[in-house]
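Take a look at the structure below.
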Amino acid sequence: MKDRIIVIGGYGHVGQVICKQLADYFPNKVYAAGRSLERAEQFCHLTNGKVKPLHMDISSKVTPSLLHNVKLVVMCLDQTDTTFVRTCLQRGIHYVDVSATPSFLTQVEQMHQVAASHGSTAILSVGLAPGMTNLLASHAKGLMDQTDTVDISIMLGLGDRHGKAAIEWTIDNLSTQYEVRQNGQLKRVSSFIDGKEIGFGTALGRKQAYRFNFSDQHAIPHTLGVPTVSTRLCFDSNGITRMLAWLRASGLFRLLKVKLIRQVAVLAFSKIRLGSDQFAVKIDALGKLNNEEIAVECLVQGRHEANMTAAVAAAIAAKVYRSPLPQGVYHIEQLFQLDDLLPAIDQIADLEVRVNGNVVASNQNSSMNVPTIAG
């Protein structure tokens with residue numbers, strides 16, 4: 001009987017939280033896997049045996065016996081090669097991916113028929129961004145007859161503890177160029193340009209956020225049919241955000257391609273403690289309702305971004321494990337709604353939905369069903 005859950009990168013910053021939560025749901029079924037058996041064993045010892053260690057290096061060919069009796073794989077590592085994903089899907093193993101690299105997720109999307117023909121379900125865009133951002137965009141779209149634009153803004157706290165992989169991903173994307181959808185057409189843009197002032201609620205105030213290559217803006221145009229989508233990033237420290245924008249404009253970010261300078265930048269980011277441990281995600285959507293223009297705002301704010309990412313991932317993984325879902329490859333917003341995640345985030349973050357500036361729903365309410373409100 002296939003009943004095992006393998007969390008690749010399970011002893012990492014986010015992976016540990018996912019393992020612990022899944023072990024509470026499914027005792028003795030969860031394995032923390034990675035290249036270092038020693039680190040896996042050290043972590044699993046702290047769980048009093050609720051999570052089991054497993055040595056698995058997905059960068060090389062995985063021994064088939066390691067996937068014996070595996071029902072679900074949760075991926076917490078960035079990948080460039082789809083070989084391991086294909087192996088899982090061809091063996092009928094369900095797959096949940098927490099990574100955020102657009103080019104890799106696009107490759108996995110193309111395996112839809114592989115997954116469908118072998119009875120497996122793969123869920124992409126699982127976490128805070130992408131993940132919660134996709135679900136908020138979907139929720140906003142559901143409040144309108146026509147959705148014209150979705151602007152996603154993410155604020156991260158520099159006082160929070162971020163995993164090394166997350167910091168490396170951020171550093172590597174500070175100077176990238178990429179394409180977004182604007183009025184249905186592809187437009188080439190660059191990270192950390194085109195600043196926009198975003199309101200993150202009364203407590204956090206307004207901050208300047210800049211374009212950044214999160215994968216949600218690449219998925220949402222085709223999963224939700226929104227013609228214009230953008231994602232921006234800022235930090236709770238306005239000074240650090242402005243400094244990064246200046247470095248981007250000066251062209252100095254090109255130096256991050258030098259290995260030693262990149263290593264120094266990653267170390268510096270890991271040591272920064274200038275801000276708080278807060279995070280926030282804001283959706284600003286424009287469209288029409290009853291032939292009148294309407295604006296919908298969705299705001300999530302809380303503490304410890306990694307815990308939020310893990311909570312979303314664990315909740316989705318549990319649903320995939322427990323219940324049959326359509327077979328194939330899907331982004332989170334194609335199979336789930338915001339309501340599905342509210343119990344998982346209730347203790348981590350506050351959620352608020354505004355229509356025309358008025359609060360119409362929050363996770364403090366008994367339901368997220370939003371009344372129809374004319375523009």
Side-chain angles (χ1 to χ4, degrees), residues 9-21 24 43 46-47 76 78 98-100 126-133 135-136 152-174 192 197-210 212 214 216 231-245 265-283 298-315 341-352 362-364:
Y11 50 77
H13 190 52
V14 172
Q16 288 188 21
V17 185
I18 294 175
C19 283
K20 289 176 181 177
Q21 292 190 23
D24 286 339
F43 161 63
L46 297 177
T47 70
C76 300
D78 284 326
V98 184
S99 65
V126 179
L128 176 66
M132 182 56 62
T133 52
L135 294 176
L136 291 172
I152 304 166
S153 303
I154 300 154
M155 189 212 77
L156 298 179
L158 289 171
D160 199 358
R161 179 171 168 263
H162 302 285
K164 182 181 178 182
I167 294 173
E168 290 178 334
W169 185 87
T170 303
I171 293 293
D172 291 340
N173 280 276
L174 283 173
F192 248 84
E197 192 175 77
I198 305 297
F200 285 101
T202 304
L204 297 174
R206 303 186 69 82
K207 298 183 181 297
Q208 195 82 355
Y210 296 86
F212 209 75
F214 286 96
D216 43 21
T231 306
R232 287 176 169 81
L233 172 68
C234 65
F235 300 97
D236 58 344
S237 169
N238 292 326
I240 294 295
T241 304
R242 285 194 296 267
M243 181 189 73
L244 291 174
V266 170
L267 180 62
F269 256 83
S270 68
K271 299 297 184 183
I272 290 176
R273 292 294 183 270
L274 294 178
S276 69
D277 58 7
Q278 291 181 291
F279 70 85
V281 168
K282 176 77 177 301
I283 302 292
C298 298
L299 176 66
V300 170
Q301 49 189 336
R303 296 183 181 277
H304 303 299
E305 172 270 329
N307 287 351
M308 181 69 165
T309 292
V312 173
L341 273 293
L342 290 183
I345 71 170
D346 190 56
Q347 301 302 314
I348 300 172
D350 297 322
L351 182 144
E352 180 178 278
S362 75
N363 63 342
Q364 303 304 313

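Remember, predicted model here, so these are calculated numbers, not experimental data. Basis for what follows: all heavy atoms, side chains included, without hydrogens, waters or symmetry-related copies.
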Does the side chain of Met155 come within less than 4.5 Å of Ile198's, by heavy atoms?
no
Are Ile348 and His304 close enough that some pair of their side-chain heavy atoms sits under 4.5 Å apart?
no
Could you tell me whether the side chain of Phe279 reaches within less than 4.5 Å of the side chain of Val300, counting heavy atoms only?
yes
All heavy atoms of Pro130 vs all of Ala100, minimum pair found to be CD-CB, 3.4 Å
Atom pair CG (Leu341) and CG (Leu135), whose distance is rounded to the nearest 0.5 Å:
5.5 Å
Rounded to the nearest 0.5 Å, what separation is found between the SG atom of Cys19 and the CG atom of Leu46?
12.0 Å
Check the pair Ile18, Cys76 against side-chain contact (heavy atoms from CB on, under 4.5 Å), reporting the backbone distance first and the verdict last.
CA-CA 9 Å; Ile18 294 175; Cys76 300; 3.7 Å; yes
Take Thr133 and Thr231, measure what side-chain contact (heavy atoms from CB on, under 4.5 Å) needs, and give me the verdict at the end.
CA-CA 9 Å; Thr133 52; Thr231 306; over 6 Å; no
Hey, could you give me the CG/CD distance between Asn307 and Gln21, rounded to the nearest 0.5 Å?
7.5 Å
Assess the residue pair Leu351 and Leu136 against the criterion (side-chain contact (heavy atoms from CB on, under 4.5 Å)); give the C-alpha distance rounded to whole Å, side-chain angles, the decisive distance to 0.1 Å, and a yes or no.
CA-CA 10 Å; Leu351 182 144; Leu136 291 172; 3.9 Å; yes
Whether Tyr210 and Phe192 hold their rings parallel, tilted or perpendicular, with breakpoints at 30° and 60°:
parallel
Return the CD1 to CG distance between Ile345 and Asp350, rounded to the nearest 0.5 Å.
9.0 Å
Output for pair (Arg206 CZ, Cys234 SG), nearest 0.5 Å, gives 11.5 Å
Heavy-atom distance under 4.5 Å between the side chains of Phe200 and Gln301, does that happen here?
no
Nearest non-hydrogen partners of Gly199 and Lys282, listed with the distance:
O-NZ, 2.9 Å
4.5 Å side-chain heavy-atom contact, Gln208 and Asn238
no
Hey, could you give me the OG/CG distance between Ser153 and Leu233, rounded to the nearest 0.5 Å?
9.5 Å
Any Gln278 side-chain heavy atom under 4.5 Å of Asp236 side chain
no
Walk me through it: do Val312 and Val126 pass the test side-chain contact (heavy atoms from CB on, under 4.5 Å)?
CA-CA 7 Å; Val312 173; Val126 179; 4.3 Å; yes
For Arg232 and Ala209, which heavy atoms make the closest approach, and how far apart are they?
CD-O, 3.5 Å
Any Ile154 side-chain heavy atom under 4.5 Å of Phe214 side chain
yes
